[in-house]
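Reviewing the structure listed below.
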Protein chains: 2
Amino acid sequence: MDFCKDSSAGYLANHMARLFALGLAERIRPLGLTPGQFPALLELWEKDGQSQKDLVAKLDVEQATLANTLARMERDALILRRPHPGDGRVQQIWLTEKARALRTPALEAAMKTNANALGAMNAGEQAEFLRLMRLAIAALRGERG
Amino acid sequence: MDFCKDSSAGYLANHMARLFALGLAERIRPLGLTPGQFPALLELWEKDGQSQKDLVAKLDVEQATLANTLARMERDALILRRPHPGDGRVQQIWLTEKARALRTPALEAAMKTNANALGAMNAGEQAEFLRLMRLAIAALRGERG
DNA sequence: TTTCATTTAATAGCTCGCTATGCAATATTA
DNA sequence: TAATATTGCATAGCGAGCTATTAAATGAAA
(Lines give C-alpha, C1' and ligand atoms only; values in the text may rest on other atoms or scores of the structure.)
Protein backbone atom coordinates (compact mmCIF):
# COMPACT_ATOMS: atom_id res chain seq x y z
CA MET A 1 0.00 0.00 0.00
CA ASP A 2 1.32 3.40 -0.96
CA PHE A 3 1.07 5.80 1.93
CA CYS A 4 3.50 8.65 2.30
CA LYS A 5 3.22 10.79 5.38
CA ASP A 6 4.18 13.90 3.44
CA SER A 7 1.19 13.36 1.18
CA SER A 8 -1.22 12.72 4.02
CA ALA A 9 -3.36 15.73 4.86
CA GLY A 10 -3.96 14.49 8.38
CA TYR A 11 -0.30 13.93 9.10
CA LEU A 12 0.59 17.38 7.80
CA ALA A 13 -2.27 19.00 9.70
CA ASN A 14 -1.11 17.48 12.96
CA HIS A 15 2.49 18.48 12.37
CA MET A 16 1.55 22.02 11.38
CA ALA A 17 -0.76 22.53 14.34
CA ARG A 18 1.94 21.37 16.76
CA LEU A 19 4.39 23.85 15.30
CA PHE A 20 1.84 26.67 15.42
CA ALA A 21 1.18 25.91 19.08
CA LEU A 22 4.89 25.86 19.90
CA GLY A 23 5.48 29.15 18.12
CA LEU A 24 2.59 30.81 19.87
CA ALA A 25 3.53 29.31 23.24
CA GLU A 26 6.99 30.78 23.00
CA ARG A 27 5.63 34.24 22.23
CA ILE A 28 2.93 34.35 24.90
CA ARG A 29 4.87 32.63 27.68
CA PRO A 30 6.26 36.01 28.81
CA LEU A 31 2.66 37.15 29.21
CA GLY A 32 1.80 34.19 31.44
CA LEU A 33 -0.55 32.74 28.81
CA THR A 34 -0.76 29.34 27.14
CA PRO A 35 -2.12 28.46 23.70
CA GLY A 36 -5.17 26.63 25.02
CA GLN A 37 -6.37 29.77 26.77
CA PHE A 38 -6.34 31.75 23.57
CA PRO A 39 -9.68 30.72 22.08
CA ALA A 40 -11.53 31.37 25.33
CA LEU A 41 -9.83 34.74 25.72
CA LEU A 42 -10.79 35.74 22.19
CA GLU A 43 -14.45 35.22 23.00
CA LEU A 44 -14.21 36.87 26.40
CA TRP A 45 -12.37 39.91 25.08
CA GLU A 46 -15.32 40.33 22.75
CA LYS A 47 -17.82 40.02 25.58
CA ASP A 48 -17.44 38.64 29.07
CA GLY A 49 -20.08 37.55 31.51
CA GLN A 50 -20.92 34.64 29.23
CA SER A 51 -21.70 31.19 30.59
CA GLN A 52 -19.53 28.18 30.05
CA LYS A 53 -22.19 26.77 27.76
CA ASP A 54 -22.09 29.90 25.59
CA LEU A 55 -18.34 29.53 25.19
CA VAL A 56 -18.53 25.83 24.43
CA ALA A 57 -20.91 26.54 21.58
CA LYS A 58 -18.57 29.09 20.04
CA LEU A 59 -15.30 27.21 20.48
CA ASP A 60 -16.13 23.71 19.20
CA VAL A 61 -14.44 22.15 22.18
CA GLU A 62 -15.96 19.67 24.62
CA GLN A 63 -17.53 21.04 27.77
CA ALA A 64 -15.09 19.16 29.98
CA THR A 65 -12.11 20.53 28.09
CA LEU A 66 -13.30 24.08 28.56
CA ALA A 67 -14.12 23.51 32.23
CA ASN A 68 -10.54 22.46 32.84
CA THR A 69 -9.12 25.34 30.82
CA LEU A 70 -11.28 27.80 32.75
CA ALA A 71 -10.11 26.27 36.02
CA ARG A 72 -6.49 26.95 35.03
CA MET A 73 -7.40 30.47 33.94
CA GLU A 74 -9.08 31.12 37.27
CA ARG A 75 -6.03 29.76 39.07
CA ASP A 76 -3.88 32.16 37.01
CA ALA A 77 -6.13 35.12 37.86
CA LEU A 78 -7.31 35.64 34.28
CA ILE A 79 -10.99 35.12 34.99
CA LEU A 80 -13.54 35.05 37.79
CA ARG A 81 -16.52 32.71 37.93
CA ARG A 82 -19.58 34.26 39.54
CA PRO A 83 -22.94 32.54 39.94
CA HIS A 84 -25.64 33.75 37.57
CA PRO A 85 -28.14 35.81 39.55
CA GLY A 86 -31.21 34.17 38.05
CA ASP A 87 -30.06 30.57 37.50
CA GLY A 88 -28.06 28.71 40.11
CA ARG A 89 -26.69 26.23 37.59
CA VAL A 90 -24.90 28.84 35.54
CA GLN A 91 -21.51 30.36 36.24
CA GLN A 92 -20.79 33.63 34.48
CA ILE A 93 -17.21 34.11 33.37
CA TRP A 94 -15.69 37.54 33.90
CA LEU A 95 -12.28 38.77 32.83
CA THR A 96 -9.91 40.25 35.37
CA GLU A 97 -8.14 43.52 34.69
CA LYS A 98 -4.98 41.49 34.19
CA ALA A 99 -6.60 39.55 31.34
CA ARG A 100 -8.01 42.69 29.75
CA ALA A 101 -4.57 44.27 29.73
CA LEU A 102 -3.11 41.27 27.91
CA ARG A 103 -5.34 41.61 24.87
CA THR A 104 -3.11 43.78 22.72
CA PRO A 105 0.22 42.01 23.35
CA ALA A 106 -1.43 38.60 23.02
CA LEU A 107 -3.04 39.43 19.70
CA GLU A 108 0.26 40.81 18.47
CA ALA A 109 1.94 37.54 19.38
CA ALA A 110 -0.68 35.54 17.50
CA MET A 111 -0.40 37.75 14.44
CA LYS A 112 3.37 37.42 14.44
CA THR A 113 3.11 33.65 14.59
CA ASN A 114 0.65 33.66 11.70
CA ALA A 115 2.79 36.02 9.69
CA ASN A 116 5.82 33.86 10.19
CA ALA A 117 4.01 30.70 9.17
CA LEU A 118 2.61 32.29 6.01
CA GLY A 119 5.74 34.26 5.23
CA ALA A 120 6.64 32.23 2.19
CA MET A 121 3.21 32.65 0.58
CA ASN A 122 1.94 35.58 -1.44
CA ALA A 123 -1.37 37.21 -0.59
CA GLY A 124 -3.34 35.02 -2.96
CA GLU A 125 -1.84 31.85 -1.61
CA GLN A 126 -2.50 32.93 1.96
CA ALA A 127 -6.16 33.54 1.22
CA GLU A 128 -6.41 30.24 -0.63
CA PHE A 129 -4.77 28.45 2.28
CA LEU A 130 -7.31 29.80 4.76
CA ARG A 131 -10.15 28.94 2.41
CA LEU A 132 -8.97 25.36 2.00
CA MET A 133 -8.57 24.91 5.75
CA ARG A 134 -12.12 26.13 6.25
CA LEU A 135 -13.27 23.68 3.58
CA ALA A 136 -11.52 20.78 5.32
CA ILE A 137 -12.94 21.80 8.69
CA ALA A 138 -16.44 21.92 7.28
CA ALA A 139 -16.05 18.47 5.71
CA LEU A 140 -14.62 16.93 8.88
CA ARG A 141 -17.32 18.51 11.02
CA GLY A 142 -19.97 17.22 8.66
CA GLU A 143 -18.84 13.68 9.33
CA ARG A 144 -19.73 14.13 12.99
CA GLY A 145 -22.66 16.12 14.39
CA MET B 1 -7.31 45.46 17.05
CA ASP B 2 -8.89 43.40 14.33
CA PHE B 3 -8.42 39.70 14.92
CA CYS B 4 -10.90 37.21 13.61
CA LYS B 5 -10.40 33.60 14.54
CA ASP B 6 -11.67 32.43 11.17
CA SER B 7 -8.93 34.41 9.47
CA SER B 8 -6.20 33.17 11.78
CA ALA B 9 -4.11 30.41 10.26
CA GLY B 10 -3.09 29.12 13.67
CA TYR B 11 -6.63 28.95 14.96
CA LEU B 12 -7.78 27.10 11.85
CA ALA B 13 -4.80 24.75 11.95
CA ASN B 14 -5.55 23.78 15.52
CA HIS B 15 -9.23 23.25 14.81
CA MET B 16 -8.54 21.22 11.69
CA ALA B 17 -5.94 19.02 13.37
CA ARG B 18 -8.31 18.23 16.23
CA LEU B 19 -11.00 17.19 13.78
CA PHE B 20 -8.56 15.05 11.79
CA ALA B 21 -7.50 13.31 14.99
CA LEU B 22 -11.10 12.68 16.03
CA GLY B 23 -11.99 11.26 12.63
CA LEU B 24 -8.99 8.98 12.59
CA ALA B 25 -9.52 7.92 16.20
CA GLU B 26 -13.04 6.82 15.44
CA ARG B 27 -11.90 4.72 12.50
CA ILE B 28 -8.93 3.02 14.15
CA ARG B 29 -10.50 2.46 17.56
CA PRO B 30 -11.89 -0.90 16.41
CA LEU B 31 -8.31 -1.88 15.59
CA GLY B 32 -7.12 -1.03 19.09
CA LEU B 33 -5.00 1.86 17.80
CA THR B 34 -4.84 5.56 18.67
CA PRO B 35 -3.80 8.50 16.48
CA GLY B 36 -0.59 9.15 18.36
CA GLN B 37 0.69 5.70 17.55
CA PHE B 38 0.24 6.23 13.84
CA PRO B 39 3.45 8.10 13.02
CA ALA B 40 5.61 5.59 14.86
CA LEU B 41 3.82 2.70 13.18
CA LEU B 42 4.36 4.24 9.75
CA GLU B 43 8.11 4.27 10.31
CA LEU B 44 8.17 0.81 11.85
CA TRP B 45 6.08 -0.75 9.10
CA GLU B 46 8.75 0.54 6.73
CA LYS B 47 11.55 -0.94 8.82
CA ASP B 48 11.60 -2.15 12.38
CA GLY B 49 14.54 -2.78 14.66
CA GLN B 50 15.23 0.94 14.67
CA SER B 51 16.30 2.74 17.84
CA GLN B 52 14.19 5.31 19.61
CA LYS B 53 16.64 7.95 18.50
CA ASP B 54 16.20 6.96 14.85
CA LEU B 55 12.44 7.34 15.20
CA VAL B 56 12.68 10.68 16.99
CA ALA B 57 14.73 12.06 14.11
CA LYS B 58 12.12 11.00 11.56
CA LEU B 59 9.00 12.04 13.47
CA ASP B 60 9.80 15.56 14.67
CA VAL B 61 8.48 14.89 18.15
CA GLU B 62 10.41 15.18 21.38
CA GLN B 63 12.25 12.17 22.69
CA ALA B 64 10.16 12.06 25.85
CA THR B 65 6.93 12.13 23.85
CA LEU B 66 8.01 9.14 21.80
CA ALA B 67 9.23 7.26 24.88
CA ASN B 68 5.77 7.54 26.38
CA THR B 69 4.04 6.59 23.15
CA LEU B 70 6.29 3.54 22.81
CA ALA B 71 5.52 2.57 26.39
CA ARG B 72 1.81 2.53 25.58
CA MET B 73 2.46 0.59 22.39
CA GLU B 74 4.45 -1.99 24.33
CA ARG B 75 1.67 -2.22 26.90
CA ASP B 76 -0.77 -2.81 24.01
CA ALA B 77 1.44 -5.53 22.53
CA LEU B 78 2.21 -3.59 19.35
CA ILE B 79 5.98 -3.50 19.83
CA LEU B 80 8.81 -5.15 21.72
CA ARG B 81 11.87 -3.34 23.01
CA ARG B 82 15.05 -5.41 22.92
CA PRO B 83 18.49 -4.22 23.96
CA HIS B 84 20.88 -3.50 21.11
CA PRO B 85 23.55 -6.23 21.00
CA GLY B 86 26.47 -3.85 20.62
CA ASP B 87 25.42 -0.80 22.66
CA GLY B 88 23.82 -1.15 26.05
CA ARG B 89 22.22 2.28 25.90
CA VAL B 90 20.13 1.50 22.84
CA GLN B 91 16.77 -0.26 22.73
CA GLN B 92 15.72 -1.65 19.37
CA ILE B 93 12.02 -1.44 18.58
CA TRP B 94 10.44 -4.48 16.94
CA LEU B 95 6.88 -4.85 15.72
CA THR B 96 4.74 -7.70 16.94
CA GLU B 97 2.78 -9.85 14.52
CA LYS B 98 -0.34 -8.09 15.76
CA ALA B 99 1.04 -4.72 14.69
CA ARG B 100 2.15 -6.06 11.32
CA ALA B 101 -1.33 -7.38 10.67
CA LEU B 102 -2.87 -3.98 11.36
CA ARG B 103 -0.99 -2.20 8.60
CA THR B 104 -3.52 -2.55 5.81
CA PRO B 105 -6.70 -1.73 7.77
CA ALA B 106 -4.97 1.14 9.56
CA LEU B 107 -3.75 2.72 6.32
CA GLU B 108 -7.20 2.32 4.86
CA ALA B 109 -8.66 4.17 7.83
CA ALA B 110 -6.20 7.02 7.41
CA MET B 111 -6.88 7.30 3.71
CA LYS B 112 -10.61 7.38 4.31
CA THR B 113 -10.20 10.18 6.82
CA ASN B 114 -8.07 12.14 4.38
CA ALA B 115 -10.48 11.54 1.54
CA ASN B 116 -13.36 12.75 3.64
CA ALA B 117 -11.57 15.91 4.70
CA LEU B 118 -10.56 16.76 1.14
CA GLY B 119 -13.81 15.63 -0.38
CA ALA B 120 -14.98 19.11 -1.30
CA MET B 121 -11.77 19.94 -3.17
CA ASN B 122 -10.82 19.05 -6.70
CA ALA B 123 -7.50 17.39 -7.44
CA GLY B 124 -5.73 20.67 -8.06
CA GLU B 125 -6.95 22.17 -4.83
CA GLN B 126 -5.95 19.09 -2.89
CA ALA B 127 -2.42 19.23 -4.23
CA GLU B 128 -2.23 22.95 -3.54
CA PHE B 129 -3.48 22.39 0.00
CA LEU B 130 -0.75 19.87 0.74
CA ARG B 131 1.85 22.15 -0.80
CA LEU B 132 0.77 25.10 1.31
CA MET B 133 0.78 23.02 4.49
CA ARG B 134 4.31 21.90 3.71
CA LEU B 135 5.28 25.54 3.14
CA ALA B 136 3.84 26.57 6.50
CA ILE B 137 5.57 23.66 8.25
CA ALA B 138 8.90 24.63 6.72
CA ALA B 139 8.47 28.25 7.80
CA LEU B 140 7.46 27.33 11.34
CA ARG B 141 10.31 24.85 11.65
CA GLY B 142 12.73 27.44 10.37
CA GLU B 143 11.83 29.68 13.28
CA ARG B 144 13.11 27.03 15.67
CA GLY B 145 16.11 24.77 15.17
C1' DT C 1 -46.38 18.99 46.05
C1' DT C 2 -43.75 15.30 44.94
C1' DT C 3 -41.49 13.06 41.47
C1' DC C 4 -39.01 12.76 37.31
C1' DA C 5 -36.47 14.87 33.40
C1' DT C 6 -33.40 18.26 31.73
C1' DT C 7 -29.77 21.35 31.97
C1' DT C 8 -25.24 23.21 33.59
C1' DA C 9 -21.03 22.45 35.41
C1' DA C 10 -17.47 19.68 37.66
C1' DT C 11 -14.69 15.54 38.12
C1' DA C 12 -12.24 11.18 36.92
C1' DG C 13 -9.36 9.05 33.87
C1' DC C 14 -7.29 8.52 29.40
C1' DT C 15 -3.94 10.16 25.19
C1' DC C 16 -0.31 12.74 23.56
C1' DG C 17 2.11 16.93 23.21
C1' DC C 18 5.80 19.65 25.89
C1' DT C 19 10.04 20.83 29.30
C1' DA C 20 13.17 19.47 32.77
C1' DT C 21 15.64 16.14 35.08
C1' DG C 22 17.85 11.73 36.27
C1' DC C 23 20.46 7.42 35.27
C1' DA C 24 23.23 4.11 33.12
C1' DA C 25 26.24 3.06 29.34
C1' DT C 26 29.69 4.59 26.38
C1' DA C 27 33.41 7.85 24.71
C1' DT C 28 36.86 11.07 25.49
C1' DT C 29 40.56 13.23 27.65
C1' DA C 30 43.89 14.47 31.22
C1' DT D 1 43.60 4.45 34.01
C1' DA D 2 40.75 7.74 36.33
C1' DA D 3 37.90 11.54 35.79
C1' DT D 4 34.78 13.79 32.88
C1' DA D 5 31.64 14.46 28.98
C1' DT D 6 28.26 12.70 25.97
C1' DT D 7 24.64 9.75 24.55
C1' DG D 8 20.20 7.12 24.83
C1' DC D 9 16.40 6.43 27.28
C1' DA D 10 13.11 6.84 31.23
C1' DT D 11 10.48 9.50 34.48
C1' DA D 12 8.09 13.48 36.59
C1' DG D 13 4.99 16.92 35.95
C1' DC D 14 2.10 20.04 33.25
C1' DG D 15 -1.27 21.61 29.30
C1' DA D 16 -5.01 20.59 26.51
C1' DG D 17 -7.76 17.51 24.07
C1' DC D 18 -11.22 13.51 24.60
C1' DT D 19 -15.22 10.29 26.81
C1' DA D 20 -17.94 9.02 30.65
C1' DT D 21 -19.88 9.95 34.94
C1' DT D 22 -21.67 12.70 38.82
C1' DA D 23 -23.88 16.53 41.31
C1' DA D 24 -26.81 20.37 41.76
C1' DA D 25 -30.28 23.38 40.09
C1' DT D 26 -34.21 24.09 37.40
C1' DG D 27 -38.39 22.74 34.85
C1' DA D 28 -42.21 19.73 33.86
C1' DA D 29 -45.68 16.53 34.99
C1' DA D 30 -48.39 13.40 37.84
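Because only heavy atoms are used, hydrogens play no part in the values below, and waters and symmetry mates are left out as well, while side chains stay in.
- For the side-chain contact (heavy atoms from CB on, under 4.5 Å) criterion with B/Leu41, the lone passing option out of B/Glu46, B/Met73, B/Arg103 is B/Met73.
- Below 30°, between 30° and 60°, or above 60°: for A/Phe38 and A/Trp45 the angle between ring planes is above 60°, a perpendicular geometry.
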Short heteroatom pairs, N/O only, protein and nucleotides 19-22 of chain C, under 3.5 Å:
none

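- For the pair A/His84 NE2 and C/dA10 C1', the computed distance is 19 Å after rounding to whole Å.
- Along DNA chain D, the stretch of nucleotides lying under 4.0 Å from any heavy atom of chain B spans, 5' to 3', D/dT7 to D/dC18.
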Query raised in the report: Taking it one step at a time, do A/Thr113 and A/Asn116 satisfy side-chain hydrogen bond (donor to acceptor under 3.5 Å, both in side chains)?
Result: CA-CA 5 Å; A/Thr113 304; A/Asn116 172 60; over 6 Å; no

Requested in this report: Report the C-alpha separation of B/Lys58 and B/Gln50 in whole Å, then their side-chain angles, then the decisive distance to 0.1 Å, and conclude whether the side-chain hydrogen bond (donor to acceptor under 3.5 Å, both in side chains) test is met.
Outcome: CA-CA 11 Å; B/Lys58 293 174 182 170; B/Gln50 299 187 69; 2.6 Å; yes

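- The separation between A/His15 atom NE2 and C/dC16 atom C1' is 15 Å, rounded to whole Å.
- Comparing C/dA10, C/dT8, C/dG17 by their nearest atom to the side chain of A/Val90 picks out C/dT8.
- The shortest side-chain heavy-atom distance between B/Asn114 and B/Phe20 falls under the 4.5 Å cut-off.
- For the pair A/Leu33/A/Leu78, a side-chain contact is recorded, criterion being any heavy-atom separation below 4.5 Å from C-beta on.
- In terms of hydrophobic clustering, with Ile, Leu, Val, Met, Phe, Trp and Tyr side chains grouped at heavy-atom distances under 4.5 Å, A/Leu140 and B/Ile28 are assigned to different clusters.
- A/Phe20 places its CZ atom 18 Å from the C1' atom of C/dC18, with the value rounded to the nearest Å.
- Atom CG of A/Asn14 is separated from atom C1' of C/dT15 by 13 Å (rounded to the nearest Å).
- Side chains of A/Leu44 and A/Leu55 form a contact here, defined as non-hydrogen atoms less than 4.5 Å apart.
- Between A/Ile28 atom CD1 and C/dC18 atom C1' there is a gap of 14 Å when expressed in whole angstrom units.
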Query raised in the report: Going through the checks in order, is the side-chain hydrogen bond (donor to acceptor under 3.5 Å, both in side chains) test met by A/Arg18 and A/Asn14?
Result: CA-CA 6 Å; A/Arg18 282 192 288 119; A/Asn14 170 270; 3.2 Å; yes

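- Put simply, CG on B/Leu24 and NZ on B/Lys112 are 12.0 Å apart, with the number rounded to the nearest 0.5 Å.
- Comparing B/Arg75 and A/Arg18, the nucleotide of DNA chain C nearest to each residue sits closer to the 5' end for B/Arg75.
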Query raised in the report: Tell me, for nucleotides 24-29 of chain C in 5' to 3' order, what letter each nucleotide earns: B for a base near a protein heavy atom under 4.0 Å, S for only sugar-phosphate near one, - for neither?
Result: -BS---

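- To the nearest angstrom, C1' of C/dC23 lies 14 Å from CD of B/Gln52.
- Side-chain nitrogen and oxygen atoms of B/Thr34 include at least one within less than 4.0 Å of the OP1 or OP2 phosphate oxygen of C/dC16.
- Between A/Asp54 and B/Thr69, the one whose closest nucleotide on DNA chain C sits nearer the 5' end is A/Asp54.
- You'll find the side chain of A/Arg82 stays beyond 4.5 Å of the side chain of A/Gln91, heavy atoms only.
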